[in-house]
Amino acid sequence: MSGWQKLRISTAVLVLLVCAFAYMLAPHDPHLVDIGKRLLPPSAEYPFGTDSMGRCVLSRVLYGGKTTLGIVLLTWLTTIIVGMPIGIAFGFWRGRLRWLGDSLLNVFASFPPIVYLIVWIGAWGSGLYTVVVSLSIASLVSLIKLVKAKTELEREKAYVYCAAAAGATRLRIMFWHLPPNLVRDAAVLLSLISSDMILMISGFSFIGLGLEQNGIDWGAMMLNGREVAMLRPDLMLYPLVFIFMCAFAFNVLGEELK
């Protein structure tokens with residue numbers, strides 16, 4: 001591994017750790033409102049200054065990373081638990097089930113993620129779980145297609161025939177022998193599309209379709225910063241930089257996992 005690769009991986013891991021442990025690094029309570037300190041410039045006490053409500057911008061940016069990373073990881077977990085078995089089943093079995101699976105995948109792939117978000121908001125209202133479900137459905141299509149294609153290749157390999165010859169049932173082969181050879185490719189895919197998830201999470205919040213009103217995330221911070229952009233344009237810049245850094249981190253990890 002070259003020095004450049006080590007630097008890229010170290011930077012990516014550092015960014016994700018900062019987001020994960022934001023509650024330990026934030027200098028102030030991100031929810032604490034102090035109108036007397038509104039729109040303060042950067043200082044030793046407030047490194048990124050304060051927003052229009054007198055809240056510490058650095059603390060809110062860090063907690064926004066924690067929120068975003070939490071949503072991404074929940075989406076990962078949901079997508080893997082649901083998508084892996086479906087992809088393996090569609091790839092292993094042949095006949096009508098395969099045709100039905102291809103048809104359903106094409107239908108779901110034809111809708112952009114925001115459609116799922118709007119549908120779930122109409123059913124449940126906006127919130128954390130609405131965003132997670134919407135992103136999971138959007139990610140499931142890509143993951144199922146990948147797992148299906150890899151399963152079609154793996155089922156023709158010698159270890160599958162050896163397992164069948166040894167008396168293993170189809171279900172055992174599908175859900176015991178195949179998954180270890182598919183997890184890495186699934187992790188690579190999810191790492192690479194995590195940057196898209198981050199952009200969607202922030203974009204949804206920016207247009208008012210994200211978390212609850214009291215939630216802290218980068219898209220909502222950019223929306224609030226737009227209201228005072230003439231006085232403090234940097235309030236939109238801070239969350240934007242962190243969005244880029246977090247997306248970069250997941251892209252780096254995905255490329256290195258290859």
Side-chain angles (χ1 to χ4, degrees), residues 69-124 127-201 204 250-251 253-258:
L69 186 60
I71 292 174
V72 170
L73 294 180
L74 280 174
T75 303
W76 271 46
L77 184 62
T78 305
T79 303
I80 289 177
I81 291 175
V82 177
M84 287 284 288
I86 295 176
I88 292 173
F90 285 171
F92 196 87
W93 292 90
R94 302 176 184 180
R96 293 183 178 179
L97 179 61
R98 181 176 179 178
W99 174 83
L100 178 61
D102 290 339
S103 301
L104 290 175
L105 287 176
N106 291 332
V107 170
F108 282 107
S110 64
F111 296 102
I114 195 170
V115 172
Y116 301 119
L117 183 67
I118 293 173
V119 170
W120 285 107
I121 285 178
W124 290 357
L128 172 64
Y129 294 106
T130 303
V131 175
V132 170
V133 170
S134 304
L135 293 176
S136 298
I137 294 175
S139 304
L140 271 174
V141 177
S142 299
L143 182 67
I144 291 173
K145 284 186 173 182
L146 173 69
V147 173
K148 174 179 174 293
K150 293 294 294 183
T151 300
E152 290 173 349
L153 296 175
E154 292 292 326
R155 74 183 179 191
E156 303 299 333
K157 292 186 177 180
Y159 74 91
V160 174
Y161 289 108
C162 290
T169 63
R170 283 190 174 185
L171 289 178
R172 181 175 177 82
I173 293 173
M174 289 169 59
F175 300 114
W176 180 260
H177 295 281
L178 288 179
N181 299 298
L182 304 174
V183 168
R184 182 177 179 180
D185 293 291
V188 170
L189 174 68
L190 290 175
S191 295
L192 293 175
I193 66 175
S194 290
S195 56
D196 294 330
M197 293 184 196
I198 293 168
L199 294 176
M200 286 189 284
I201 293 168
F204 291 157
F250 276 112
N251 269 326
L253 293 179
E255 291 292 336
E256 294 300 330
L257 280 173
K258 288 184 178 180

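Because the structure is a prediction, the values reported are computed rather than measured.
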Please report the interatomic distance [atom1]([X]) to [atom2]([Y]), rounded to the nearest 0.5 Å.
X: Ile198; Y: Ile193; atom1: CD1; atom2: CD1; value: 11.5 Å
X: Ser191; Y: Leu253; atom1: OG; atom2: CG; value: 6.0 Å
X: Leu189; Y: Leu146; atom1: CG; atom2: CG; value: 5.5 Å
X: Thr75; Y: Leu135; atom1: OG1; atom2: CG; value: 4.5 Å
X: Leu178; Y: Lys157; atom1: CG; atom2: NZ; value: 10.0 Å
X: Thr151; Y: Lys148; atom1: OG1; atom2: NZ; value: 9.0 Å

Atom of [X], atom of [Y] and distance for their closest heavy-atom approach:
X: Glu154; Y: Leu182; value: CG-CD2, 4.1 Å
X: Leu143; Y: Gly83; value: CD2-CA, 4.1 Å
X: Val147; Y: Gly87; value: CG1-C, 3.6 Å

Report summary line: side chain to side chain contact (heavy atoms under 4.5 Å, CB included) filter on Leu69, not counting sequence neighbours, yields Leu16, Cys19, Ala20, Leu73, Phe250
Query raised in the report: Of all residues at least two apart in sequence or in a different chain, which pass the side chain to side chain contact (heavy atoms under 4.5 Å, CB included) check with Ile86?
Result: Val82, Phe90, Ile144
Query raised in the report: Any side-chain donor paired with an acceptor under 3.5 Å for Ser136 and Trp76?
Result: no
Side-chain heavy atoms of [X] within contact of [Y], under 4.5 Å:
X: Val72; Y: Leu190; answer: no
X: Met197; Y: Ile71; answer: no
X: Glu156; Y: Tyr161; answer: yes

**Report entry** Pairs flagged by side chain to side chain donor-acceptor pair (under 3.5 Å) wherever residues 171-189 is involved - sequence neighbours left out
**Finding:** Tyr159-Asn181
